[in-house]
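Notes to accompany the following structure.
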Amino acid sequence: METTRKLIRKQSVEKLYNALTSNRQVYAPVVAADKQIEYRYNPGFAEVTFGHIRSTLSVKNVVFPKVENLFFYTNARSESTITDIDMSRIPEVVLWGAHPCDNAAFDTLRSIFCWDIKDEFFSKRLEKLAVIGLSCHLSDEYCFCTSVGLSPDSKKGSDILLSLLKNGDYHADILTEKGNEIVKSAADLFETVSDEKEVITEVKQKFSHEQVTSKLSAAFEHPFWVENSLRCIGCGACAYVCPTCACFDIQDETRGKNGKRYRSWDSCGFGLFTLHTSGHNPREVQSQRWRQRIMHKFSYMPERNESLGCVGCGRCSSGCPVDMNIAEQLEALQNI
Amino acid sequence: MDNLVKRAKELLENKTVQVVIGYEAGPTGVIRPAFITDPEKAGKLIYNDKCDQNLAVYLTKKEVKNFGKMAIVATLPVMRSIMMLISEQQLFAESIVVLGISADGNLLDIADINIMQGYIEKSDLSNPEKYKALLAELNKLNPEEKFAYWQKELSKCIKCYACRQACPMCYCTRCTVEVNQPQWIPVQANTHGNMEWHILRAMHLAGRCISCGECGRACPVGIPCHLLTMQLTDQVYTYFKVYAGTSDKMNSVLSTFEPNDKESFII
Amino acid sequence: MSDFEPKVVAFVCNWCTYAGADLTGTSRIKYASNVKIIRFPCTGRIDFMLLLKAFANGADGIIVSGCHPNDCHYTSGNFHAKRRWIMFKELMDFMGIDMNRITFSWVSAAEGAKWADVVNATVTRIRELGPYVSYKEMVDKSVEEEVKNG
Ligand code: SF4
Ligand code: SF4
Ligand code: SF4
Ligand code: FES
């Protein structure tokens with residue numbers, strides 16, 4: 001689709017939001033009581049924040065929820081019955097105000113969930129998702145989108161991308177058919193572009209991801225990994241807040257005769273993630289798991305999925321209890 | 001902290017220890033753990049009031065133990081954690097050197113475990129003031145409000161287990177949440193599963209928690225899960241008159257008993 | 001709530017309370033039939049997680065019972081259990097989980113009549129309290145969360 005740019009005035013943004021929430025689930029960021037930024041369904045417009053840098057959790061849960069039921073079963077004495085999930089229950093969701101890094105992550109996730117077999121749950125959720133992104137006019141020391149081929153106003157993954165203008169209005173880049181549908185449904189709110197300047201933050205490039213990728217292929221045995229992961233305590237915080245981490249666990253949970261199979265988030269940083277039934281663990285110590293995290297994102301994924309496993313949102317680093325700063329380590333790795 | 005640096009350097013130079021576990025400022029200025037093996041790098045060590053991580057968690061970490069004998073920068077909670085680890089046979093007193101730090105931030109001379117025990121005994125071992133206030137507020141709520149509060153907080157939990165990994169006393173290589181024959185705790189992170197997980201965690205730390213607050217600090221979504229274990233710390237003291245981590249020989253409260261333990265609810 | 005029949009699960013040790021409950025029966029003492037007894041080797045084996053599982057699976061009330069102090073078949077299982085119950089009770093109180101729904105008791109093999117009293121008193125109390133709605137709601141809501149996956 002040919003992309004077009006329109007103008008949407010400050011006052012009209014509220015109208016658009018209210019129109020959308022009147023007949024759809026809109027998932028939008030708010031500042032919670034404890035000051036954390038979290039996304040909620042259909043909060044009042046006054047609550048929605050336009051000035052956040054990053055939400056504590058990413059928004060990957062709209063396509064890859066922390067728990068996804070896969071099917072239900074009933075065990076009778078002689079036979080079992082399986083009931084599939086009613087896919088029509090997956091709701092249409094509009095993701096509102098998510099930043100370009102988070103939106104680009106949907107592409108990354110697709111490269112994982114659909115690389116050979118198309119994962120039906122993921123695909124359905126993605127199909128039902130429309131993204132109204134918001135370019136970043138703020139950033140902090142943890143941001144590094146520009147080091148992973150993105151930028152504070154990159155359009156990847158958004159259906160419409162809003163960018164703040166100096167006078168408080170927004171430019172709306174209409175990027176896909178889904179975006180166009182939304183615009184058409186509220187056509188009177190969109191005007192012709194003005195020459196007002198956009199406010200886009202500057203994010204300094206910290207490393208070249210191509211160079212990191214090329215260095216990693218020979219760095220498997222490098223002492224770097226042990227030296228730089230001694231402080232890692234092996235929790236799953238980085239993976240769980242990450243917009244592109246896609247590891248999951250599959251479990252059956254039975255109550256009496258009935259049960260369900262579901263998948264839930266998991267992390268390659270956990271000690272038991274690779275533990276075999278035999279007792280052997282190919283990734284026995286934390287440095288091997290930390291290496292896996294970086295290798296997967298910056299070496300294996302570019303090689304196999306033709307995508308980079310990181311969008312530079314900086315969440316893992318700002319959320320890490322022991323300051324495992326991924327950008328800092330990648331910066332070091334490019335010169336290894 | 002010149003004394004600390006000097007002492008650490010000495011210990012490494014004369015090969016008393018092979019690694020010093022302490023704090024440094026990372027490139028972005030954030031305080032983080034440091035593992036110094038080269039005496040020339042001892043200058044990186046710092047100590048200030050932002051150094052609040054409980055470093056004792058590293059004393060049971062394989063890759064750190066591999067260095068050999070360890071020296072550790074230890075504030076009161078770290079010293080108490082060390083006592084717990086020794087009393088639970090997770091650590092030998094001979095394999096560490098304690099670089100004690102007093103409440104006002106000065107290097108203490110902790111020559112051995114007995115001296116450390118003396119220091120711990122004369123310190124205030126109840127929950128830190130800032131947490132006492134929070135606990136008092138929560139204790140004022142009625143049961144419905146309490147249940148609502150914990151449901152709201154725990155619904156946020158993503159089961160990343162940072163709280164567990166950060167706690168020196170959660171050293172099990174296979175945690176009960178990971179046991180699936182039977183599956184004690186639902187793997188999924190929903191309010192119910194999270195509630196069960198946190199009850200289990202608090203119960204397993206009853207009488208063992210030394211009130212460092214590390215679990216709550218580590219939580220990426222800001223759940224005050226340390227208040228659960230700290231409440232039990234208070235209760236352990238009320239009922240049994242002991243605080244965890246006060247001696248290298250103590251038995252933990254829930255693995256011992258006194259025939260005349262008092263309660264008022266068993267009929 | 002007149003048609004509400006409380007579901008009560010009793011976790012009891014094999015050597016005292018289970019035998020006591022047997023005696024209640026052989027002595028032909030009548031007591032409320034709302035209780036489902038689960039036998040354990042010893043109170044020391046009654047993990048607190050089991051009590052939570054009972055609530056999650058629809059119990060309105062719980063009884064936990066074993067040998068009197070000093071009478072445990074394994075000498076000290078019940079002393080350990082007592083400490084654990086004290087802590088569990090305090091934690092539940094702190095989290096707002098209703099401890100009025102759990103009866104802890106010592107019932108010996110000779111106390112058939114006491115067992116009947118314990119059960120009857122518990123069932124009467126739970127009848128007054130009504131079904132344990134708030135816990136069940138939490139469990140159901142959790143299932144809803146998954147469907148919505150917010
Ligand atoms: S690896 Fe870290 S910076 Fe990269 S996308 Fe994941 S959370 Fe964001
Ligand atoms: S406060 Fe938390 S981290 Fe510290 S000892 Fe207690 S449970 Fe462990
Ligand atoms: S650190 Fe927080 S989110 Fe992670 S498991 Fe513990 S309470 Fe849950
Ligand atoms: S055998 Fe009855 S309580 Fe131990």
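Residue numbers begin at 1 in each chain, while the letters A, B, ... track the order of the sequences.
One finds the CG atom of C:L91 at 5.0 Å from the CG atom of B:L232 (value rounded to the nearest 0.5 Å). The CH2 atom of C:W85 lies 5.5 Å from the CD1 atom of B:I266; values are rounded to the nearest 0.5 Å. Expressed to the nearest 0.5 Å, how far CG of C:L50 lies from CH2 of B:W184 amounts to 4.0 Å. Considering CE of C:M138 and CE of B:M195, their distance stands at 4.5 Å, rounded to 0.5 Å. Note that CZ of C:R83 and OG of B:S255 are 9.0 Å apart. Values are rounded to the nearest 0.5 Å. From B:L200, atom CG reaches atom CE of C:M49 across 6.0 Å, with rounding to the nearest 0.5 Å.
Using a 4.5 Å cut-off between heavy atoms, C:F48 contacts chain B through its side chain alone, with no backbone atom that close. Of the two parts of B:E145, neither the backbone nor the side chain holds a non-hydrogen atom closer than 4.5 Å to a non-hydrogen atom of chain C. Using a 4.5 Å cut-off between heavy atoms, B:Q151 contacts chain C through its side chain alone, with no backbone atom that close. For a residue to count as touching a neighbouring chain, one of its non-hydrogen atoms must lie under 4.5 Å from one of that chain's; by this rule C:M99 does not touch chain B. For C:D93, the part sitting under 4.5 Å from any heavy atom of chain B is the backbone (N, CA, C, O) and nothing else. Neither the backbone nor the side chain of C:S65 comes within less than 4.5 Å of any heavy atom in chain B.
Nearest heavy atom pair, residue B:P259 against residue C:K82, reads O-NZ, 3.9 Å. Contact between C:F94 and B:K146 at its shortest, heavy atoms only, is O-CD, 3.3 Å. When all heavy atoms of B:F147 and C:S134 are compared, the closest pair comes out as CE2-O, 3.6 Å.
When the heavy atoms of residues 221-229 of chain B are compared with those of chain C, the residues falling under 4.5 Å are B:L227, B:L228, listed by number. Interface with chain C: from residues 237-244 of chain B, residues B:Y239, B:F240 qualify, criterion being any non-hydrogen pair under 4.5 Å. Taking non-hydrogen atoms and a 4.5 Å limit, the residue list of residues 122-131 of chain B in contact with chain C is empty.
Figure legend: C:K89 and B:F265 shown as a cation-pi pair, the cationic atom lying under 6.0 angstrom from the six-membered ring centre and within 45 degrees of its axis.
Checked by atom type and distance alone, the side chain of C:R84 never pairs as donor or acceptor with a backbone atom of B:L254 at under 3.5 Å. Judged purely by atom type and a 3.5 angstrom limit, C:S142 uses its side chain to pair as donor or acceptor with the backbone of B:H192.
When each of B:I199, B:N139, B:D234 is scored by its heavy-atom pairs under 4.5 Å with chain C, the top score falls to B:I199. Interface check for chain C: of the options B:L141, B:T176, B:V236, the most heavy-atom pairs under 4.5 Å are formed by B:V236.
At least one side-chain heavy atom of B:L154 sits under 4.5 Å from a side-chain heavy atom of C:M95. Taking the side chain as every heavy atom from C-beta outward, B:I267 and C:W106 never approach each other to under 4.5 Å.
For NZ of B:K50, the number of neighbouring non-hydrogen atoms (other residues, nucleotides, ligands) closer than 6.0 Å is 12 at most.
The salt bridge (charged side-chain N to carboxylate O under 4.0 Å, His left out) contacts involving residues 186-198 of chain B comprise B:E196-C:K53, where partners must be two or more places apart or lie in separate chains.
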